[in-house]
Amino acid sequence: MTIIRGERMIIDGKSISQKRKDELKLKIDQLKQEGKRLPCLAVILVGDHQASQTYVRNKERGCQYVGMESQVIRLSSSISEEELIQVIDNLNKDNHVDGILVQLPLPKHIHEEKILDVIDPMKDVDGFHPVNVAKLVLGQEGLTPCTPQGMMVLLEEINYDLSGKEVVVVGRSNIVGKPVSFLSLKKNATVTIAHSRTKNLKEVCQRADVLIAAIGKAKFFNKDYVKPGAIVLDVGINRDENNKLCGDVDFEDVKEVASCITPVPGGVGPMTIAMLLENTLQAYLKRKG
Ligand code: GUN
């Protein structure tokens with residue numbers, strides 16, 4: 001954790017993610033010592049989307065690091081919906097496979113919803129299946145989406161109690177905005193979900209004790225959006241005018257007023273893989289037990 005100028009803190013997602021992966025590694029080592037079958041994550045990559053290839057490679061490396069097994073199934077972008085469903089169905093039935101992740105986005109001719117529906121909810125390590133979404137909304141235990149779960153862990157790591165706090169989530173995606181809102185609600189926060197049609201966005205954001213930026217617009221949020229002392233979590237992964245990686249938050253500007261802020265890269269991003277690996281272990285233990 002980097003502390004700058006007394007009260008202000010840059011949340012080091014990279015080292016928190018590393019710590020969680022090291023803790024996982026110990027648990028997997030224990031399973032190995034006991035001669036148990038190891039957790040296995042299957043990742044399906046359809047087509048040759050550049051960023052997806054990098055993400056999938058990182059997931060594979062994450063599995064290797066903690067000592068889990070992984071399978072990457074690379075399929076042609078011309079695969080039919082029926083064929084892809086068949087691949088998933090085989091993985092559903094494969095007792096050796098604990099987690100199934102279909103890397104998004106999928107080619108246009110394939111309906112994402114239809115595909116996510118087919119994954120066995122017990123193996124749905126992305127937490128995108130309607131059963132797991134319903135469990136999250138109902139406050140029941142299930143598999144929860146990795147990036148939102150990662151943000152909750154970051155808040156835990158800085159010992160921040162969400163109870164009674166104002167959380168403003170900007171962005172209403174199924175992957176980030178909606179799930180992080182329900183996770184915050186579960187922690188007794190007062191949650192506002194803002195989006196592209198929200199009126200007076202600045203004023204809404206200024207209410208936030210915790211501002212979650214997830215709209216995919218480079219450096220959109222400057223310090224005018226941030227209450228002094230607020231915590232700012234930046235989910236954006238964008239390129240700035242110099243083609244440099246940046247978040248949805250204007251980091252240099254906002255770090256002057258926020259009490260804690262995540263950088264991009266090295267903030268929320270690295271948490272996603274650690275949470276995916278944790279979800280895979282959770283799915284393994286649940287299926288086993
Ligand atoms: N593409 C971008 N983010 C994600 C994610 O969290 N899960 C999957 N499956 N695909 C993604």
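All residue numbers in this chain count up from 1 along the given sequence. Counting starts at 1 for both ligands and their atoms, following the listed order.
- For atom 9 (N) of ligand 1, the nearest protein heavy atom lies closer than 4.0 Å.
- Which parts of ligand 1 touch Gln103 is read off a 4.0 Å heavy-atom cut-off, strictly below it: atoms 1 (N), 9 (N), 10 (N), 11 (C).
- By the criterion of a heavy-atom distance under 4.0 Å, neither the backbone nor the side chain of Thr272 is placed next to ligand 1.
- Among Ile100, Ile273, Asp126, the residue whose heavy atom lies nearest to atom 7 (N) of ligand 1 is Asp126.
- The stretch residues 93-150 participates, sequence neighbours left out, in no ring-ring contact (aromatic ring centres under 6.0 Å, His included) pair at all.
- Contact of the Ile175 side chain with the Leu104 side chain is registered, since non-hydrogen atoms from C-beta on lie closer than 4.5 Å.
- Close approach to Leu101 involves these atoms of ligand 1, each under 4.0 Å from a residue heavy atom: 9 (N).
- Checked for salt-bridge contact, Arg37 and Asp98 meet the test: a charged N lies under 4.0 Å from a carboxylate O.
- Not a single heavy atom of Thr147 sits closer than 4.0 Å to an atom of ligand 1.
- Every atom of ligand 1 with a heavy atom of Val102 under 4.0 Å away is listed here by number and element: 8 (C), 9 (N).
- For the pair Phe128 and ligand 1, a heavy-atom separation below 4.0 Å is found.
- Using a cut-off of 4.0 Å between Lys/Arg side-chain N and Asp/Glu carboxylate O, Lys223 and Glu256 are scored as not salt-bridged.
- The pair Lys217-Asp248 fails the salt-bridge criterion, with no side-chain N (NZ, NE, NH1 or NH2) lying under 4.0 Å from an Asp/Glu carboxylate O.
- With a 4.0 Å heavy-atom cut-off, ligand 1 is reached by the backbone of Leu104 and by its side chain too.
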